[in-house]
2 protein chains.
Amino acid sequence: MPEIPDPIKEQCEKKGGLKGIEKALPSKKNIKSNSQIFKALAEPMRLKILLAVIEQPLCACLIREMLGISDSKLSYHLTVLKDADLIEGSKQASWIIYGPTKLGTKMADIIDKF
Amino acid sequence: MPEIPDPIKEQCEKKGGLKGIEKALPSKKNIKSNSQIFKALAEPMRLKILLAVIEQPLCACLIREMLGISDSKLSYHLTVLKDADLIEGSKQASWIIYGPTKLGTKMADIIDKF
DNA sequence: TTGCGGTTTCAAAAAAATTTGAAATGGTGT
DNA sequence: ACACCATTTCAAATTTTTTTGAAACCGCAA
């Protein structure tokens, strides 16, 4: 191990060294799951979709119209949000109406706090 | 406009149509800035780095040792976190010690709530 | 000045994510 | 059954992000 500045080194040792720090971190599963949520929200268009369907549940065709993108592009982005459990769709006749999940609403609250 | 299911259509109109919904969303700037933060946290390794430097400020060499990755790979990921204003580095002799920003700490609190 | 250690930068390669347009699927109406 | 509409799936193309290893930079010590 290289010679680290003393205060850093001592504090690190106090926490059990690198092993100790790593042990204090959340589980790999938790980190993975959180990063999936963040990834879904990492694209402005997907953020916009989530916030819009919180404002008002919308079918894909209205979302598509609002954003001005292709059907398949929209479908891709909706799937990312769905897979991250941020939105859910419910079938009404020919239409699928998308709205937020609890988690989706909670994440939007967080965005409001910034 | 295609014929949308009536309840959806009416609620939508009540909110000023698609234009009204879009107007109710945060600014493009705000969405962009938020998505940058989410993107920085979208990669498990970067999440881990943030949580570790919250636990204990660390120099790059200790982070590198903990994660077992190359110097340049680490540098890249640290830069993503820095650019998103989640971590900051301060120079101590040969070392740069990384710790969380206020925003970084706040985001970590959020992770704890899930 | 030179040598060394810590860290970043760089450009090309590799990997991952996204976009695209066509095809497929499912439901409704005639 | 056929036609139409809403939406997803698919595979290839495109774009973006990440990784890689070498070079460069910076500061400290002799």
Side-chain angles (χ1 to χ4, degrees), chain A residues 1-9 12 18 32 35-49 52-53 57-84 86-99, chain B residues 1-9 12 18 32 35-49 53 57-84 87-99:
Chain A
M1 181 183 306
E3 287 305 322
I4 310 298
D6 277 343
I8 300 292
K9 196 155 101 180
C12 196
L18 292 179
K32 185 130 188 268
S35 72
Q36 188 188 7
I37 293 163
F38 290 132
K39 176 174 282 188
L41 297 172
E43 161 59 49
M45 187 181 301
R46 291 203 288 269
L47 250 191
K48 204 165 174 181
I49 290 168
V53 301
L58 297 166
C59 55
C61 55
L62 283 179
I63 301 173
R64 201 214 67 219
E65 197 175 319
M66 185 180 73
L67 296 174
I69 61 177
S70 66
D71 289 343
S72 51
K73 186 173 179 174
L74 176 60
S75 219
Y76 171 81
H77 287 295
L78 288 175
T79 297
V80 174
L81 287 167
K82 275 187 291 181
D83 288 349
L86 291 163
I87 64 170
E88 61 200 345
S90 67
K91 202 82 177 271
Q92 281 183 35
S94 291
W95 292 269
I96 308 186
I97 311 301
Y98 287 96
Chain B
M1 179 181 311
E3 286 305 320
I4 309 299
D6 278 344
I8 299 293
K9 198 158 97 182
C12 195
L18 292 179
K32 185 134 187 259
S35 71
Q36 189 188 6
I37 293 163
F38 290 131
K39 177 174 284 188
L41 297 172
E43 161 59 49
M45 187 181 299
R46 291 203 288 268
L47 251 192
K48 205 167 176 180
I49 290 169
V53 301
L58 297 167
C59 56
C61 54
L62 283 178
I63 302 174
R64 201 216 67 216
E65 197 175 317
M66 183 180 75
L67 296 173
I69 60 177
S70 66
D71 288 344
S72 51
K73 186 172 180 175
L74 176 60
S75 220
Y76 171 80
H77 287 296
L78 288 174
T79 297
V80 175
L81 287 166
K82 275 188 290 183
D83 288 348
I87 65 171
E88 61 200 343
S90 67
K91 203 82 178 271
Q92 280 183 37
S94 288
W95 292 272
I96 309 187
I97 310 299
Y98 286 95

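- Across all their heavy atoms, A:Ile63 and A:Leu74 have their closest contact at CG2-CD1, 3.7 Å.
- Residue B:His77 has no polar side-chain atom (N or O) positioned under 4.0 Å from OP1 or OP2 of D:dT17.
- Nucleotide D:dT8 holds its C1' atom 14 Å from the CD1 atom of A:Ile69, rounded to whole Å.
- Between B:Leu47 and A:Ser35 the shortest heavy-atom distance is CD1-N, 4.0 Å.
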- Message: Counting primed atoms plus P, OP1 and OP2 as sugar-phosphate and everything else as base, spell out the protein contacts along nucleotides 22-30 of chain D at 4.0 Å heavy-atom distance: B, S or - for each nucleotide, 5' to 3'.
- Response: B----S---
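- When distances run from any side-chain atom of A:Tyr98 to the nucleotides D:dT8, C:dT20, C:dT8, the shortest one goes to D:dT8.
- Listed nucleotides D:dT7, C:dT9, D:dT18 differ in distance to B:Val80; the shortest reach to its side chain belongs to D:dT18.
- The interatomic distance linking B:Lys73 (NZ) with D:dG21 (P) rounds to 11 Å, in whole Å.
- In terms of phosphate contacts, B:Tyr76 brings no side-chain nitrogen or oxygen within less than 4.0 Å of OP1 or OP2 of C:dT7.
- The side chain of B:Cys61 has C:dT7 as its nearest neighbour among D:dT7, C:dT9, C:dT7.
- Across residues 39-47 of chain B, B:Lys39, B:Arg46 each have a non-hydrogen atom less than 4.0 Å from an atom of DNA chain D (numbered order).
- Distance B:Arg64 CZ to C:dG6 C1': 10 Å, rounded to the nearest Å.
- Atoms CG (A:Leu74) and P (D:dT8) sit 7 Å apart, rounded to a whole Å.
- Checked against ring-ring contact (aromatic ring centres under 6.0 Å, His included), B:Phe38 has the following partners two or more places apart in sequence or in another chain: A:Phe38.
- The backbone N or O of A:Asp83 sits less than 3.5 Å from a side-chain atom of A:Gln36, completing a donor-acceptor pair.
- Taking each heavy atom of B:Leu78 and B:Ala60 in turn, the nearest pair found is CD1-CB, 4.2 Å.
- A:Ile87 places its CD1 atom 13 Å from the C1' atom of D:dT8, with the value rounded to the nearest Å.
- In this structure B:Ser94 satisfies the side chain to side chain contact (heavy atoms under 4.5 Å, CB included) test with no other residue, sequence neighbours excluded.
- Listed by chain and residue number, A:Arg64 satisfy the salt bridge (charged side-chain N to carboxylate O under 4.0 Å, His left out) test with A:Asp71 (two or more places apart in sequence, or in another chain).
- For the pair B:Asp71 CG and D:dT20 P, the computed distance is 12 Å after rounding to whole Å.
- To the nearest angstrom, P of C:dA17 lies 11 Å from CD of A:Gln36.
- Spacing between atom CH2 of A:Trp95 and atom P of D:dC4 amounts to 16 Å, rounded to whole angstrom units.
- Looking at every heavy atom in both residues, B:Arg46 comes nearest to B:Lys39 through NH2-O, 3.1 Å.
- With sequence neighbours excluded, the residues forming a side chain to side chain donor-acceptor pair (under 3.5 Å) with B:Lys48 are A:Glu22, listed by chain and number.
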